[in-house]
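All remarks here apply to the structure that follows.
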Amino acid sequence: MKKLEFKSGQFIFKAGDKGEDLFLLMDGDVGVFLPTNDTKEPNFKVGVNEVFGEMGVIEDKPRMASIRCMSDATVMALSKAEFDARVEKADPFIRALLRILSQTVRNLQDKK
């Protein structure tokens, strides 16, 4: 894992990017912007101690939203390789559940 610092207005990633890391917000305000959002207000906000960017890593698919810092922010980043190594140690039921949950969220968003 690595600690990363971002400035207000900076993108952590953009929709369509490859999912190389997932993140834990340690400090600051981070917004989730769906591709249809052309405003300066996020569709959702990520709270401190919440994980984001997991779907692209779990499914190995492009990011489905952009993440932009609404203030200076500190995150912990876990690489796909580190995540995969941790998941491999998990029970097969848990691995399957992670993939199903992620696919369900993506499918719901695709239908909008």
Side-chain angles (χ1 to χ4, degrees):
M1 278 199 305
K2 59 188 172 218
K3 181 178 174 183
L4 302 172
E5 304 281 338
F6 293 91
K7 296 292 183 191
S8 181
Q10 189 174 2
F11 283 91
I12 296 176
F13 58 78
K14 293 184 178 181
D17 287 354
K18 183 172 175 48
E20 297 176 351
D21 297 289
L22 59 98
F23 304 90
L24 173 67
L25 181 61
M26 303 301 292
D27 187 44
D29 295 310
V30 172
V32 179
F33 291 80
L34 299 175
T36 56
N37 184 349
D38 292 328
T39 73
K40 293 183 180 183
E41 292 301 315
N43 295 91
F44 312 98
K45 288 191 176 180
V46 176
V48 171
N49 294 322
E50 289 185 0
V51 172
F52 61 95
E54 73 285 351
M55 289 173 56
V57 171
I58 291 169
E59 298 180 68
D60 200 24
K61 290 188 177 180
R63 303 288 190 185
M64 62 181 288
S66 297
I67 303 293
R68 188 171 72 212
C69 297
M70 309 307 289
S71 69
D72 289 356
T74 303
V75 301
M76 295 300 293
L78 183 69
S79 73
K80 178 169 178 34
E82 290 171 310
F83 176 78
D84 288 344
R86 291 178 185 206
V87 170
E88 277 304 311
K89 294 176 185 174
D91 181 289
F93 181 82
I94 300 301
R95 292 195 304 262
L97 183 62
L98 282 172
R99 287 185 183 90
I100 289 168
L101 290 173
S102 184
Q103 289 168 354
T104 299
V105 171
R106 185 178 294 272
N107 289 341
L108 287 171
Q109 183 56 41
D110 288 345
K111 289 180 183 179
K112 287 187 177 184

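Only heavy atoms go into these numbers, but all of them, side chains included; no hydrogens, no water, no symmetry mates.
Val87 and Val57 end up in the same hydrophobic cluster when Ile, Leu, Val, Met, Phe, Trp and Tyr side chains are linked at under 4.5 Å. If you chain together hydrophobic residues whose side chains sit under 4.5 Å apart, Met26 and Met1 fall into the same group. A continuous path of ILVMFWY side-chain contacts below 4.5 Å connects Leu4 to Val32, so both sit in one hydrophobic cluster.
Across all their heavy atoms, Ala73 and Leu25 have their closest contact at CB-CD1, 4.2 Å. Here the closest non-hydrogen pair linking Pro35 and Ala65 is CD-CA, 4.5 Å. In plain terms, the two heavy atoms of Leu34 and Asn43 that are nearest each other are N-OD1, 2.8 Å.
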Which pairs of donor and acceptor atoms, one on a side chain in residues 9-19, lie under 3.5 Å apart (sequence neighbours left out)?
unit_1, atom_1, unit_2, atom_2, d
Gln10, OE1, Lys7, N, 2.9
Asp17, OD2, Lys14, N, 2.9

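For the pair Arg99/Glu59, no side-chain contact is recorded, criterion being any heavy-atom separation below 4.5 Å from C-beta on. The shortest side-chain heavy-atom distance between Leu24 and Leu78 does not fall under the 4.5 Å cut-off. Using a 4.5 Å heavy-atom threshold, the side chains of Phe6 and Val75 count as touching. Under the 4.5 Å side-chain criterion, counting only non-hydrogen atoms from C-beta, Met55 is not in contact with Lys61. At least one side-chain heavy atom of Met70 sits under 4.5 Å from a side-chain heavy atom of Pro42.
Listed by chain and residue number, Phe23 satisfy the ring pair (Phe, Tyr, Trp, His ring centres under 6.0 Å) test with Phe52 (two or more places apart in sequence, or in another chain). Listed by chain and number, the residues in a side-chain contact (heavy atoms from CB on, under 4.5 Å) with Glu5 are Lys3, Thr74 (sequence neighbours excluded). With sequence neighbours excluded, the residues that form a side-chain contact (heavy atoms from CB on, under 4.5 Å) with Asp84 are Lys80. For Ser79, the side-chain contact (heavy atoms from CB on, under 4.5 Å) partners are Asp21, Ala81, Glu82, not counting sequence neighbours. With sequence neighbours excluded, the residues satisfying side-chain contact (heavy atoms from CB on, under 4.5 Å) with Asp91 are Phe93, Ile94.
Among pairs with a residue in residues 58-89, none fulfils ring pair (Phe, Tyr, Trp, His ring centres under 6.0 Å), at least two apart in sequence or across chains. Residue pairs that meet the salt bridge (charged side-chain N to carboxylate O under 4.0 Å, His left out) test with at least one member in residues 44-55, sequence neighbours left out, do not exist here.
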Verdict with supporting geometry, Val51 and Leu22, side-chain contact (heavy atoms from CB on, under 4.5 Å): CA-CA 7 Å; Val51 172; Leu22 59 98; 3.9 Å; yes

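Between the side chain of Arg68 and the backbone N or O of Val30, no donor-acceptor pair lies under 3.5 Å. Remark: side-chain polar atoms of Ser71 are paired, donor with acceptor, to backbone N or O of Asp29 under 3.5 angstrom.
Here Asp72 contributes atom CG and Asp27 contributes atom CG; the two are 9.0 Å apart, rounded to the nearest 0.5 Å.
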